[in-house]
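Okay, structure first, notes after.
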Amino acid sequence: MFGTLASGDIETARLRRDLRIPCNLGFSCGGFEDLGMRLEGENLGAEENREVVAETAPFQVERPLFQQTQKLVVGYALTSKKKKSFLQPKLEFMARRKGICFVPIDLNRPLSEQGPFDVVLHKLLGKEWQDVIEDYQQKHPEVTVLDPPSAIKRIYNRQSMLQGMADLNLSDCSGSIYVPKQLVVLKDSASSADRVVEAGLKFPLVAKPLWIDGTAKSHQLFLAYDKRSLAELEPPLVLQEFVNHGGVMFKVFVVGDIIKVVRRFSLPNVSSNCEKAKANGVFKFPRVSSAAASADNADLEPSVAELPPKPFLEALVKELRTLLGLRLFNIDMIREHGSKNVFSVIDINYFPGKSLYLKLLCSLNMILSEKQTNELLKIPFCRLWKDARLRASSCRFLPQSGASQT
Ligand SMILES: O=P(O)(O)O[C@@H]1[C@@H](O)[C@H](OP(=O)(O)O)[C@@H](OP(=O)(O)O)[C@@H](O)[C@H]1OP(=O)(O)O
Ligand SMILES: Nc1ncnc2c1ncn2[C@@H]1O[C@H](COP(=O)(O)OP(=O)(O)O)[C@@H](O)[C@H]1O
């Protein structure tokens, strides 16, 4: 009995290998586990395209054998801004070619009556949606919800966002991670001056709205240079110590196990514009590190531009995925000026911008492969074997004998 099962397992594994179907990825409702860590650097536009095309091939080879028509249905509920930036015709086209189909979720109808979905991808705000999606996940544990609303909620608050970072287990790594000292001001900015002194925070401070709600206002940041200027700020907010970092930051995009890191321009070290800022009380600064501010190809001093070490990023992401319970996010980090590899995490975003989209498609493709594998494994082993013999004989891997498998 044991022997029969074991040989069946071996054959099934061999079939999977021959068919280039990934082995069981340990995917349950999580879906992104064990996809194999990949880490990528800059110049990602063209590279991503190449990668996606390359990943299309094995999937197309698999399809004819078992006449697979399996599709991955991704229900999406996105803000109109996100829908516009994410669901570009090119992405939808590439997804369709891979058998991934995006279906809009109708917010006016019960979610359980829609679908069935394999994945629900969402970026919507508000308690009402959070309740809907939590209830849905409970009733449909088989569906991969990207990501759990409670985990997303945590990073929409700049106080809870960075909590727990100090306890990450990165002792064996080639870098270290800190969070800049910060203080939350819920009301009355003027009186926060004393608290700033008590907490030992050093000026200048970066003032950031406490809540991130997808609006431009929630990304409007200020530099405050002295106690007096704090009165000009509108709470609720977070006051965070400014860390000199040479004007370059690193954006680490995470899709499950896939990591991609890019360089972007950032604020220069403060000493250079200190006087100008003082004259204005607080210095309201624009979105200095947006996607348009790529520093990937800039001619920069190596000590500033060098990417964080790969083992360090891998360990950090592994720890953060556990801490945050997210699979689709990015970490903004800066290297303390003059240090080798001492980094501060300054921001974490859920399902951020364009750099993540093609990676997400790759991961959805992996989920689809997994779904197909699971379907294949439901087929009685004798049928698999017959199919394999048929294919092998037509490929002349096996002699065309009449021998049958019992
Ligand atoms: O704030 P950042 O680091 O510039 O990243 C933003 C941010 O993640 C933003 O999301 P939200 O904070 O408004 O939820 C993203 O907006 P979308 O949801 O519309 O995509 C931006 O795309 C991010 O910018 P970037 O493209 O620079 O990663
Ligand atoms: N503590 C800090 N020290 C130095 N620069 C910072 C700090 N916090 C933010 N910045 C600068 O401000 C930019 C935006 O900050 P961030 O916290 O990512 O806000 P947002 O979520 O609105 O993008 C960063 O890319 C960086 O240039």
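Note that ligands are numbered from 1 as they come in the structure, with each ligand's atoms numbered from 1 the same way.
- At a heavy-atom distance under 4.0 Å, only side-chain atoms of R158, from C-beta outward, approach ligand 2.
- Checking only distances, S218 never comes within under 3.5 Å of ligand 2, N or O to N or O.
- Contacts of L221 with ligand 2, taken as heavy-atom pairs under 4.0 Å, involve the side chain alone.
- Remark: distances from the non-hydrogen atoms of F285 to ligand 2 include one below 4.0 Å.
- Contacts between I346 and ligand 2 below 4.0 angstrom, taking non-hydrogen atoms only, involve backbone and side chain alike.
- Here Q240 has side-chain heavy atoms under 4.0 Å from ligand 2, and that is the only part of it that gets that close.
- The shortest non-hydrogen separation linking L230 to L205 is CD2-CD1, 4.5 Å.
- Residue contacts with ligand 2 include E241, since one of its heavy atoms falls under 4.0 Å from the ligand.
- Environment of OH in Y178: sparse, with no more than 12 heavy atoms of neighbouring residues, nucleotides or ligands closer than 6.0 Å.
- Residue-level proximity to ligand 2 for S289 is carried by the side chain, the only part with a heavy atom below 4.0 angstrom.
- When only interatomic distances are considered, the shortest N/O to N/O separation between V206 and ligand 2 does not fall below 3.5 Å.
- The cationic atom of K82 (NZ for Lys, CZ for Arg) lies less than 6.0 Å from the six-membered ring centre of F351 and within 45° of the ring axis.
- If you look at F86 and Y357, their ring centroids are closer than 6.0 Å.
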